[in-house]
Amino acid sequence: MSAGGRYRLLFSPLKLGPVVVRNRIVFSAHLTNYAEDGHPTEQHAAYYGARAAGGAGLIITEEHSTHPTDWPYEKLIHGFDRSVVPGYRRITDAAHRHDTPIFAQINHNGGQGSGMYSRLPVWAPSPVADPLFREVPKAVDGHEIREIVDGYALVAEHCREGGFDGIELQCSHSSIVRGFLSPATNRRTDEYGGSLPNRSRLLLQIVAAVREAIGPDLALGVRICGDELIDGGTTIDDALAVARAVEQTGHVDYINTSIGVATATLYMIEASMQVPPAYALWIASSIRKAVSLPVVGVGRFKDPLQADRALREGHADMIGVVRGQIADPDFAAKARAGNASWIRNCLSCNQECVGRMGLNRWLGCIENPRTGREALPLPAPARVRRRVMVVGAGPAGMQSAIAAARSGHRVDVYEIEPAAGGQVRLAASVPSRAELGDLVRNQLAEAERLGVRFHFGVGVDEEMLAASGADAVVLATGSVPERPYWAGDEIRVIDVRDVLSGRVAPEGRVLVVDELGFHQATSVAELLADRGCAVEVVTPGMVVGQDLGITLDMETWWMKATAKGIAQTTDTMITAVAGNGSGPVRVTVQQHTTGSEDVRVVDWVVCAVPDRPADELWRSARLRLSPRVAVHRVGDCVAPRRAHAAVVDGDRVGAAL
Ligand SMILES: Cc1cc2nc3c(=O)[nH]c(=O)nc-3n(C[C@H](O)[C@H](O)[C@H](O)COP(=O)(O)O)c2cc1C
Ligand code: SF4
């Protein structure tokens, strides 16, 4: 069946006021941190241009600030400064080159920010401190409200001048408009507070002002939150009333949707794999029944079939595929060509997109080393086709094989295990982390398409390397558990991998040690609790799974830990274990903030602690093969890190061969 037939609705055009989109796949707004000094960059243009080339039906850029009081994070585009217009032009030209309409999201974050960058008080409807920024805002008075409205109109004019085809007002999860709409943050008693019509007044004034600024030739959309998921916040009934009011203005061409508040319930806006796919579609579905404007549904749409089905079932008119197109710019083109299985599925891991945003870094993707680097030239094809031997089919080895094969080399990958994936394969064996396994599937499929040959169940030693005749060798032999000093030779102290691989099946009381602060300890704790073990996680950190905060997995971990009865002890280190190898183990723990000691008696201790590189082959091969054969190493056998670092290493080395 042709792609058009398979995804009939997804690839049908739609009219959004004056703009016609060629398909229903929207690259919805998301921060990129590509701006410099408040200005759009070449990287913005290359990034959005790549998604336009990849077939997206509509692109909506990240937000552009509408007022100098709005500067919540460093790399925000200062839309209120007219000097942004040439940068806008570069972005819109890049999208238009592929006949893709592009809208600008414009916004004032209101009290969901701080004065750290602007050195000004933040503005909000009422002096209610945001839970994340904890800064009490200035309640805006009448003339400041007019200034806000004027700011939106001014930025809309800049966008029109810069060639955008439409404007989206972000009124959903981090916005002064949201602040006014929500009873949780709007305590006003004037005509902007109290009843919903009063709380909607600012939104409707902005809609009118922006429409006047852009005229009839540009589209105008409004992004609305369907449920703030906070005490006293707006719910779907408010959203429906707001949607109807927006429609009645006659100025608006579509409604985009969202769920949650960015500074309180972000884990539901950019939900990780812990939250089911299409989890927020009910919002679009409800709003679509209340209005006749086209409605965008968004939230963990990972493949075209799922998106098309949501359209066919009448839940939405367009589907936002954000992380799906961060991971694979050609999402739409591949689906349209009938090659949906070629799509590099987003893992909803949040490691390099959301995670890097939270750390003020440019947006990237764990699976796609090109994301965030689109403006850099691609590596030149190899002048001489070389024979490349890769040892290890974990994420680093696979990516080096992909990059080398892309350059034109002939690549063979040897893996001692019967399957690819290395530690990612083990991590994905925990049911709630299964989607991580798509990394392996995606890499394997891409490598095979490029003609890489795999040899599973084959160990490689230096003799084999020497006899291989390879022109270049890439070692990706990974890392191995480093036994903690306090473990001695107690056999009931094991590593997370012993459990995940099934080598050991702990029962009874289990103490999990979290020194890595990521998914290793929490995953194994969950797995063992599900198997009926009584589990406690101890960590020297201030919180178990410290970095789950940046991937938005912390809240779901807490919910699951509570539901499964997993105890969590923080600021605590293990100092000694004593056991006889078969019975219970006495574990001495010390609270490092007070120095006080305690004892746990458990059946097993499972360690999530730093590894050491498995670099023995590199040491011997380097001596034996150099300088005749170039020997490289990538990933954990250089230094044990997380999967994104392995992919980046592999890509860099593979592309340079
Ligand atoms: C890194 C990142 C930044 C985001 N920033 C914005 C933003 O500035 N404005 C906005 O309306 N939504 C923002 N979002 C939310 C997305 O538009 C979208 O609703 C969310 O990612 C869920 O869609 P997905 O599962 O297809 O990624 C952001 C999402 C991500 C991943
Ligand atoms: S980093 Fe993970 S969540 Fe983000 S786009 Fe890439 S695969 Fe998706």
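All ligand and atom numbering here is 1-based and tracks the order in the structure.
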- Heavy atom of the protein closest to atom 14 (N) of ligand 1 (residue, atom name, distance): A29 O, 3.3 Å

- Look at atom 6 (Fe) of ligand 2 and say which protein heavy atom is nearest, naming residue and atom and giving the distance to 0.1 Å. C365 SG, 2.4 Å

- Task: Please work out which of Q325, H173, R356, E63 has its closest non-hydrogen atom nearest to atom 10 (C) of ligand 1.
- Result: H173

- Among N23, D317, L58, L311, which residue meets the side chain to side chain contact (heavy atoms under 4.5 Å, CB included) test with L14? D317

- Aromatic ring proximity, centroids under 6.0 angstrom, H67 and F80: no

- Query: Out of K302, R344, R425, R433, which residue meets the salt bridge (Lys or Arg N to Asp or Glu O under 4.0 Å) rule with D438?
  - Reply: K302

- Message: Ring centroids only, cut at 6.0 angstrom: are H315 and W282 within range, meaning strictly under it?
- Response: no

- Query: Does ligand 1 have a heavy atom under 4.0 Å from the side chain of V298, from its backbone, from both, or from neither?
  - Reply: side chain

- Task: Identify which one of W362, Y48, Y47 satisfies the ring-ring contact (aromatic ring centres under 6.0 Å, His included) criterion when paired with Y34.
- Result: Y47

- Query: In ligand 2, which numbered atoms sit nearer than 4.0 Å to a non-hydrogen atom of S348?
  - Reply: 3 (S), 8 (Fe)

- Would you mind listing which atoms of ligand 1 come within a distance below 4.0 Å of any non-hydrogen atom of L363? 1 (C)

- Item | Donor on one side chain, acceptor on other, R652 and S400, under 3.5 Å | no

- Query: Which of these, N350, I326, N345, has its nearest heavy atom closest to atom 3 (S) of ligand 2?
  - Reply: N350

- Message: Does any N or O of ligand 1 fall below 3.5 Å from an N or O anywhere on Q105, backbone included?
- Response: yes

- Item | Structural part of S272 in contact with ligand 2, heavy atom criterion under 4.0 angstrom | neither

- Message: If the threshold is 4.0 Å, N to carboxylate O, is there a salt bridge linking K334 and D328?
- Response: yes

- Task: Check whether the side chains of S258 and H173 place a donor and an acceptor atom closer than 3.5 Å, and report yes or no.
- Result: yes

- Task: Compute whether any side-chain donor of one residue and acceptor of the other, for S174 and N107, lie under 3.5 angstrom apart.
- Result: no

- Message: Residue-level breakdown please: for R323 versus ligand 1, do any non-hydrogen atoms fall below 4.0 Å on the side chain, on the backbone, on both, or on neither?
- Response: both

- Item | Metal proximity, C349 vs atom 6 (Fe) of ligand 2, N/O/S cut-off 2.8 Å | no

- Message: As a check for students: among R300, R223, E270, H30, identify the option with a heavy atom nearest to atom 12 (N) of ligand 1.
- Response: R223

- Item | Close-contact set for ligand 1 against G320 heavy atoms, below 4.0 Å | 26 (O)

- Residue pair Q443 / E367, side-chain heavy-atom distance below 4.5 Å: no

- Note on the structure: among protein heavy atoms, the one nearest atom 8 (Fe) of ligand 2 is C346 SG, 2.4 Å

- Scan side-chain atoms only and decide if E168 and N256 contain a donor-acceptor pair under the 3.5 Å cut-off. yes

- Would you call E374 and R370 a salt bridge, using N to O less than 4.0 angstrom? no

- Message: Checking a contact table here: which protein heavy atom is nearest atom 26 (O) of ligand 1, and how many Å away?
- Response: V322 N, 2.8 Å

- Message: Using a 4.0 Å cutoff against the non-hydrogen atoms of I366, which atoms of ligand 2 qualify?
- Response: 1 (S), 2 (Fe), 6 (Fe), 7 (S)

- Message: What I want to check is whether the side chains of H108 and T69 have a donor and an acceptor closer together than 3.5 Å.
- Response: yes

- Task: Report the nearest protein non-hydrogen atom to atom 7 (S) of ligand 2: residue, atom name, distance rounded to 0.1 Å.
- Result: L347 N, 3.2 Å

- ligand 1 atoms in contact with Q170 (distance to a heavy atom under 4.0 Å): 11 (O)

- Message: So for G324, does at least one of its heavy atoms come nearer than 4.0 angstrom to any atom of ligand 1?
- Response: no

- Message: Taking the ring of H519 and the ring of W557, is the distance between their centroids below 6.0 Å?
- Response: no

- Task: Do me a favour and list the nearest non-hydrogen protein atom to atom 31 (C) of ligand 1 with residue, atom name and distance?
- Result: V354 CG2, 3.6 Å

- For E352, counting its heavy atoms only, list the atoms of ligand 2 lying under 4.0 Å from any of them. 1 (S)

- For the residue pair R323 and N350, establish whether any side-chain heavy-atom pair is separated by less than 4.5 Å. yes

- Nearest non-hydrogen protein atom, atom 8 (O) of ligand 1: L31 CD2, 3.0 Å

- Query: Which protein heavy atom lies closest to atom 5 (S) of ligand 2, and at what distance to 0.1 Å?
  - Reply: R323 O, 3.6 Å

- Do any N/O/S atoms of C353 come under 2.8 Å of atom 4 (Fe) of ligand 2? yes

- Starting from atom 1 (C) of ligand 1, which protein heavy atom do you reach first, and at what distance in Å? M357 CG, 3.5 Å

- Note on the structure: Going by the 4.0 angstrom heavy-atom rule, the piece of V321 near ligand 1 is backbone

- A student checking ligand 1 against I269 at a 4.0 Å heavy-atom cut-off should list atoms 20 (C), 22 (C)

- Item | Pair E446 + R406: basic N to acidic O under 4.0 Å | yes

